[in-house]
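Since the model is a prediction, treat every value here as computed from it, not as a measurement.
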Amino acid sequence: MDSATEAFVAHRNLLFTVAYEMLGSAADAEDVLQETWLRWAGVDLDTVREERAFLVRIVTRQALDRLRTLSRRRESYAGPWLPEPLLTTPDVAEDVELADSVSMAMLLVLETLAPTERAVFVLREVFDLNYDEIANAVGKSQAAVRQIAHRARAHVAARRPRGMASPAETRAALQAFQRAVETGDLQSLLDILAPDVVALRDGGGIKHALLRPLVGVGQVARLLAVGWWRRDADRSVEPVQINGGPGLLENGYVTGVYHVRNPEKLSHVERETAVSR
């Protein structure tokens, strides 16, 4: 490989992770990587002091442009919007900070940030870039970036999930869901629903799904009772790692705390995707 290609390949997983965490969409992250490569291929490498920082700057700017377009599209999205799930390798869960940063819960919190706030938060809190590198990536002064980082941290801290479930609790919940799917016995699943449980289902206007979140054990129990999770016959269920945490893969539908049915969002659960910091 030539030097440009070698550098891009060496940092590709990192660049994908930056783009994915900024966009919440693996398909859009892949498009951003393609745009990043086209710009990188035209760079005079003799002028580049730090290849990693330069590539991160390109991918951040491309992701910011894409994010602003996506934000407008999501305003007219049919029903709840959920991030595109990734089938991740088991080692991702071992890096607690990385697993948390790509979790569905965190990606939903990041959706509430303005585009530049999201970029600054991801680059600082997840990838630990210095303020000078971030300022170059987002086109702001260091002083402005520090203020944005402080504001974004406070915003995320106020909205991130409290009291995350332990691995044992998560396994118990998934096993109960799996038993319900395989046997039709809902009781073990209903027994572990919290009073304020929330059901989110993303069909994107393509598949049958909820048009709004359902809140409360009564509403969610009624939803389960009508059998929406058994809409397809002979559905099989297998445990997998989704976005750095345990989940269930049901004949192409990712199910856990979040249920993604939109087929346009399921291409990255057919094979493992490498993410890195």
Side-chain angles (χ1 to χ4, degrees), residues 1-74 83-84 86 88 92 95 97-98 101-102 106-107 110-111 113-149 151-153 156 243-244 265 267-268 272-277:
M1 292 186 289
D2 59 58
S3 298
T5 304
E6 186 175 359
F8 185 84
V9 170
H11 297 294
R12 189 189 187 285
N13 291 346
L14 164 71
L15 300 176
F16 174 84
T17 309
V18 171
Y20 176 69
E21 293 201 18
M22 286 183 60
L23 301 170
S25 164
D28 286 297
E30 293 285 2
D31 288 344
V32 164
L33 252 63
Q34 181 64 27
E35 294 162 1
T36 299
W37 163 248
L38 293 175
R39 282 158 177 76
W40 173 248
V43 170
D44 180 359
L45 296 187
D46 290 336
T47 66
V48 177
R49 287 187 304 171
E50 224 292 346
E51 293 174 342
R52 178 180 183 271
F54 199 100
L55 282 164
V56 167
R57 183 173 70 186
I58 298 175
V59 81
T60 299
R61 291 181 176 179
Q62 296 305 311
L64 272 172
D65 289 344
R66 181 64 63 96
L67 183 57
R68 294 183 178 109
T69 300
L70 292 177
S71 297
R72 292 190 293 271
R73 290 181 193 167
R74 287 170 192 169
E84 183 176 348
L86 297 179
T88 49
V92 173
D95 185 336
E97 292 185 0
L98 178 61
S101 72
V102 298
M106 177 56 76
L107 291 174
L110 293 181
E111 280 293 308
L113 292 171
T116 301
E117 288 179 331
R118 184 166 183 169
V120 170
F121 181 87
V122 167
L123 295 178
R124 181 63 181 171
E125 300 300 316
V126 180
F127 298 98
D128 199 29
L129 268 64
N130 61 50
Y131 288 111
D132 181 50
E133 290 176 302
I134 299 173
N136 287 331
V138 301
K140 303 281 186 181
S141 69
Q142 285 195 49
V145 165
R146 288 179 184 274
Q147 290 181 339
I148 293 170
R151 187 167 62 244
R153 278 195 298 270
V156 170
N243 288 64
K265 290 186 174 183
S267 62
H268 281 71
E272 290 181 343
T273 298
V275 294
S276 67
R277 291 196 293 162

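Residues satisfying the side chain to side chain contact (heavy atoms under 4.5 Å, CB included) test with Asp128, not counting sequence neighbours, are Arg124. Contacts of Glu35 classified as salt bridge (charged side-chain N to carboxylate O under 4.0 Å, His left out), with partners at least two apart in sequence or in another chain: Arg66. Scored by the side chain to side chain contact (heavy atoms under 4.5 Å, CB included) test, Val156 finds Met106, Val109, Leu110, Leu113, Phe121, Arg160 as partners (sequence neighbours excluded). For Tyr131, there are no ring pair (Phe, Tyr, Trp, His ring centres under 6.0 Å) partners at least two apart in sequence or on another chain. Under the rule for a salt bridge (charged side-chain N to carboxylate O under 4.0 Å, His left out), Arg57 has no partner lying at least two apart in sequence or in another chain. The side-chain hydrogen bond (donor to acceptor under 3.5 Å, both in side chains) test applied to Arg52 returns no partner, not counting sequence neighbours. For Phe8, the ring pair (Phe, Tyr, Trp, His ring centres under 6.0 Å) test picks out Trp37, with sequence neighbours left out. Checked against salt bridge (charged side-chain N to carboxylate O under 4.0 Å, His left out), Arg39 has no partners two or more places apart in sequence or in another chain. By the salt bridge (charged side-chain N to carboxylate O under 4.0 Å, His left out) test, Glu117 is found to be paired with Arg151, residues two or more places apart in sequence or in another chain being considered. Every residue two or more places apart in sequence or in another chain that forms a side chain to side chain contact (heavy atoms under 4.5 Å, CB included) with Ala119 is listed here: Met22, Thr60, Leu64, Val138.
For the residue pair Ala4 and Leu45, the shortest heavy atom distance occurs at N-CD1, 3.6 Å. What you find for Ala19 and Leu33 is that their closest heavy atoms are CB-CD1, 4.4 Å. The minimum heavy-atom distance between Gly244 and Thr88, with the atom names listed, is N-OG1, 2.9 Å. Val18 and Val59 get closest at one heavy-atom pair: CG1-CG1, 3.9 Å. Between Val275 and Leu98, the shortest heavy-atom distance links the atoms O-CD2, 3.9 Å. The shortest non-hydrogen separation linking Ala7 to Glu51 is CB-OE1, 3.3 Å.
Identified under the side chain to side chain donor-acceptor pair (under 3.5 Å) test for residues 12-25, with sequence neighbours left out: Arg12-Glu30, Tyr20-Asn243, Glu21-Ser101, Ser25-Asp28, Ser25-Glu84. Among residues at least two apart or in separate chains, there is no salt bridge (charged side-chain N to carboxylate O under 4.0 Å, His left out) pair with a member in residues 135-146.
Note: Ser141 OG to Asp132 CG = 11.0 Å, rounded to the nearest 0.5 Å. Atom OG1 of Thr36 sits about 11.5 Å away from atom CZ of Arg61, to the nearest 0.5 Å.
You'll find the side chain of Trp40 stays beyond 4.5 Å of the side chain of Thr5, heavy atoms only. When side chains are defined from C-beta on, Arg118 does not count as touching Leu23, because their heavy atoms never get closer than 4.5 Å.
Residue Glu97 places its CD atom among 12 or fewer non-hydrogen atoms of other residues, nucleotides or ligands, all under 6.0 Å distant.
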Before giving the answer on side chain to side chain contact (heavy atoms under 4.5 Å, CB included), spell out for Val56 and Leu15 the whole-Å C-alpha distance, their side-chain angles and the decisive distance to 0.1 Å. CA-CA 6 Å; Val56 167; Leu15 300 176; 4.2 Å; yes
